[in-house]
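A short write-up of the structure that comes next.
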Amino acid sequence: MARLTEFQGKQLLRGAGVAVPRGELARSAAEAAAAAGRLGACVVVKAQAWTTSRKAQGLVRFADSAVGAGDAAAAILAARADGFAVTEVLVEERVAIATERYAGIILDDRRRRPVLLVSARGGSGIEETAREHPESVAELPLDAVEGLPRHAARELWRRVGVHGEEQRNLAEACVRLAAVARAVEARAAEVNPLVFTGDGRAVALDCRITVDDAAVFRHPELGIDVARELGHPPTLLERIAWEVEKDDYRGTFYFLQMRDAVERGQRVVAFHGAGGGGSMMGMDALARHGFAVANFCDTSGNPPASKVYRAARILLSQPGVDGYFGTGSGVASQEQFHSARGLVKAFLEEPLAVPAVVRLGGNGEEKAIEILTGYTKALGVPVECYGKDTPVDACAARLAALVAAFTPPPPRPPRRGPGPVERPYTFSTPTGEITYDHAVCARCQSKACVAACVPQILALSDGVPVLKVTREDAARGRCTECLACEVDCAALGSEGGHVALEIAGLDEYRRARGLG
Amino acid sequence: MAILVDERTRVLVQGITGREGRARARLMREYGTKVVAGCTPGRGGESVDGTPVYDTVLEAVEASGGIDASVIFVPAPLVKDAALESIAAGIALTVLVGDRVPVWDVLEIARAAERAGVDFLGPNTLGVLSVGRGVLGMIGGRAESARSWFKPGGVGVASRSGGMTSSTGYYLSRAGIGLSTLVHVGGDGIVGLPLPVVVRRFEADSETRCIAIFGEIGGSQEERIAEMMASGEVTKPVVAFIGGRAATQGVRFSHAGAIVEGGRGTHAGKVAALREAGATVVDAFDELPGAVAKVLEG
Ligand code: SF4
Ligand code: SF4
């Protein structure tokens with residue numbers, strides 16, 4: 001997750017020379033008690049969870065003994081923060097506070113600069129402070145390359161009425177905070193409260209740092225396993241989705257779960273958007289028709305069919321949804337038949353057992369509609385596909401009608417893999433492996449794969465399809481994973497083509513939940 | 001006139017030897033854009049579909065007799081260097097198509113552009129298209145689609161969403177309302193030419209009579225347009241739709257960020273600010289063409 005925990009943030013601050021309380025992480029009451037013993041009994045125990053108002057929720061507790069710290073930790077570890085379990089607490093020494101201030105580095109979209117925001121009134125939410133006591137808040141735009149000059153930080157604190165030794169020490173802490181923000185490429189780095197202690201030190205009592213998702217790749221030292229701002233610890237399915245996205249720079253796949261348990265009949269649907277604006281319109285339309293979404297998903301930026309396929313498989317691994325709804329802006333610049341093929345492969349393999357309505361408007365939409373509706377007829381569940389001249393509201397209305405009239409078909413086994421292959425011809429693709437059964441191909445009348453292959457890298461040799469390019473080139477990207485040699489082959493040919501696209505961890509995940 | 005690009009704009013494509021660069025250079029040319037040079041470090045002397053390739057941007061500028069705009073098609077981690085090179089060469093407009101460009105890289109690009117007095121569009125943008133004149137980036141996807149989807153006329157279109165830029169343009173054209181320029185300002189939080197700046201350009205453009213905005217929740221761009229209308233800086237009619245009434249999820253939102261922006265970013269706040277400033281804000285997206293038509297008649 002691109003949000004660092006308080007503990008991680010404080011370690012970064014400490015490394016940069018900002019004083020933080022001594023503290024240890026604990027995952028159980030016993031660990032917390034032991035930590036408190038080492039820290040000197042008088043401690044604070046804090047849930048390591050990204051939620052506002054931890055104190056009000058009982059997620060921050062004070063203790064005066066090791067036993068008390070253990071009890072506090074037990075209470076916090078049994079609680080839930082915003083519906084998600086708390087797995088770690090931070091046990092910290094208590095600090096003698098003289099004053100509580102606020103300091104934060106944030107990025108300002110208007111000035112296109114980092115900004116240092118300080119307030120003489122720390123502790124409570126900075127938003128309310130800015131509203132109720134605007135005179136206590138001041139901001140300073142920074143140079144993205146040169147950072148924060150020490151004198152400017154002092155001057156800023158003076159503007160909110162902080163003077164003398166405190167001013168100098170808080171300013172120094174801010175200079176270092178700005179350096180940390182720059183170093184880890186934070187979108188926001190906030191210390192609230194930043195306290196001045198009775199013995200004259202500036203100490204960061206809390207720390208919240210959000211790292212730019214797009215920069216996570218160059219910060220392995222942060223150990224961020226899911227570079228997504230989710231608002232909760234990543235779910236297993238979100239981790240699986242992130243593995244799909246992580247190293248595949250062809251287009252974008254974003255997946256976020258809104259709820260972890262869904263039951264049939266609750267009018268919750270799997271949502272597959274394309275592009276931020278179009279997705280937003282789609283979710284608004286669903287809401288108008290009384291639907292909630294199980295997840296947010298966005299495949300955009302011209303992703304290959306393979307990525308759309310993997311996204312759809314992940315969406316369909318959310319049991320209990322009443323339907324599948326896909327939409328983009330309606331007028332996409334990218335060729336829509338790629339998405340259509342990805343969806344067909346996923347729907348057939350699953351097999352899809354709820355109504356689906358997908359709006360694939362834009363370039364190549366006629367072909368996309370033909371592929372998605374034509375190739376999924378055998379499923380026995382309604383799959384409807386629309387183009388740019390059908391508004392998204394009409395699509396949501398169609399889904400509502402289909403869901404209302406729907407009787408689930410008898411369960412079918414999932415359809416995966418080619419089965420036994422007599423004369424395999426295989427080659428690697430950028431993220432998978434293709435197999436043609438040349439024994440089947442030899443008997444195939446249509447040879448549909450050759451004409452349908454979007455980058456035209458297949459040719460017939462002795463009546464069976466083979467690569468026209470080298471295997472290395474195919475694996476390096478000449479095969480664009482358009483999936484035509486499986487999807488069009490299944491519809492028009494003799495089912496001799498198969499594209500194996502692994503999704504790491506998904507089978508295990510599904511087995512554990514009793515999904516096929 | 002139109003804004004940002006027209007039939008005279010001389011265009012460089014950085015990363016022209018890559019798959020995307022090659023394909024998009026073709027789209028731009030087929031739509032009538034003057035693509036005069038390409039640049040890929042280490043590939044100088046080659047040519048791509050007849051367009052000469054140079055090692056450096058400055059070399060391309062010198063050899064081609066002037067460049068007005070550069071469109072960058074390189075992977076996200078390399079965008080900063082490419083953009084800084086274009087800015088250093090003094091090119092008036094750099095278009096950053098790539099997405100996932102780290103935000104601190106964008107801050108550095110913004111700093112350099114500000115110092116050089118030049119503009120950049122994006123990152124994470126489909127680009128800009130002046131109907132019948134030229135396109136930078138990939139709006140429309142194919143030249144024939146762009147020709148059939150967007151008809152010429154007097155409405156300027158801008159959005160933070162690429163798909164919705166095309167979509168707004170298409171539905172207006174289908175309703176018989178012609179367009180001057182379509183601008184996708186880019187989907188990221190920090191961009192080179194945000195909506196208010198684009199609106200200012202439309203205000204100054206003699207051909208644009210009305211400005212259609214597809215706005216969305218988050219950030220402060222729509223509110224700034226309202227401020228400009230209220231202060232009289234923008235006098236042309238603005239018709240807007242704001243997406244995201246029900247969907248707040250999946251959108252970046254930082255509490256402290258909201259303070260710098262003055263507590264903005266909500267759907268209701270944006271709609272109210274724009275209406276108060278005199279803009280027409282429609283409640284449903286498909287009411288947009290009708291509302292624009294009415295404004296044009298009035
Ligand atoms: S269409 Fe399928 S069965 Fe026919 S030749 Fe191609 S891969 Fe083989
Ligand atoms: S071999 Fe051709 S048809 Fe098959 S997935 Fe690759 S690009 Fe598509």
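Residue numbers start from 1 in every chain, and the chains themselves are labelled A, B, ... in the order their sequence lines are given, proteins ahead of strands.
- Between B:R224 and B:E233 there is no salt bridge, since no side-chain nitrogen of the basic residue lies less than 4.0 Å from a carboxylate oxygen of the acidic one.
- Proximity to chain A (any heavy atom under 4.5 Å) is restricted, for B:R111, to the side chain, taken from C-beta onward.
- Residue B:A76: no heavy atom, backbone or side chain, is found under 4.5 Å from chain A.
- With respect to the salt-bridge test (charged N to carboxylate O, under 4.0 angstrom), the residues A:R113 and A:D108 do not qualify.
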### Query
ring pair (Phe, Tyr, Trp, His ring centres under 6.0 Å) between B:F285 and B:F214: does it pass, once the steps are laid out?
CA-CA 9 Å; B:F285 180 61; B:F214 177 92; 5.8 Å; yes
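- Most heavy-atom pairs under 4.5 Å with chain A: of the set B:A110, B:S145, B:G140, this distinction falls to B:G140.
- Interface residue A:A186: only backbone heavy atoms are found under 4.5 Å from chain B.
- Heavy atoms of B:I139 lying under 4.5 Å from chain A belong exclusively to its backbone.
- Defined by atom type and a distance below 3.5 Å, a donor-acceptor pair is missing between the side-chain atoms of A:T252 and A:S300.
- At a threshold of 4.0 Å, the pair B:R115-B:E108 does not count as salt-bridged, since none of the basic side-chain nitrogens sits closer than that to a carboxylate oxygen.
- Heavy atoms closer than 4.5 Å to chain B are found in the side chain of A:T480, but not in its backbone.
- Interface residue A:E185: backbone and side-chain heavy atoms are both found under 4.5 Å from chain B.
- Considering every non-hydrogen atom in both A:I105 and A:L116, the closest pair reads CD1-CD1, 3.8 Å.
- With a 6.0 Å radius and a threshold of 12 heavy atoms from other residues, nucleotides or ligands, A:R478 has its CZ atom at or below the threshold.
- Using a 4.5 Å cut-off between heavy atoms, A:D393 does not touch chain B at all.
- Heavy-atom pairs under 4.5 Å with chain B peak, among A:R131, A:Q334, A:E335, at A:E335.
- Residue contact with chain B, scored on non-hydrogen atoms closer than 4.5 Å, involves the backbone of A:A332 exclusively.
- Of the atoms belonging to B:V97, not a single heavy atom falls under 4.5 Å from chain A.
- Checked for salt-bridge contact, A:R218 and B:D105 meet the test: a charged N lies under 4.0 Å from a carboxylate O.
- For chain A, the nearby part of B:R19 is the side chain; its heavy atoms alone come within less than 4.5 Å.
- Top candidate by heavy-atom pairs under 4.5 Å with chain A, chosen from B:R100, B:M138, B:M164, B:Q221, is B:R100.
- With respect to A:E146 and A:R182, no salt bridge is recorded, no charged nitrogen being found less than 4.0 Å from a carboxylate O.
- The two residues B:L172 and B:A212 have their closest heavy-atom pair at CD1-CB, 4.1 Å.
- The only option from B:L121, B:T125, B:V183, B:V128 that meets the side chain to side chain contact (heavy atoms under 4.5 Å, CB included) definition with B:L193 turns out to be B:L121.
- Proximity to chain B (any heavy atom under 4.5 Å) is shown, for A:N192, by neither the backbone nor the side chain.
- Contact annotation for B:V191: only backbone heavy atoms (N, CA, C, O) come within less than 4.5 Å of a heavy atom of chain A.
- Proximity to chain A is absent for every atom of B:E144, based on heavy atoms less than 4.5 angstrom apart.
- Annotation: maximal heavy-atom pairing with chain A below 4.5 Å, among B:G162, B:G215, B:G192, B:P75, occurs at B:G192.
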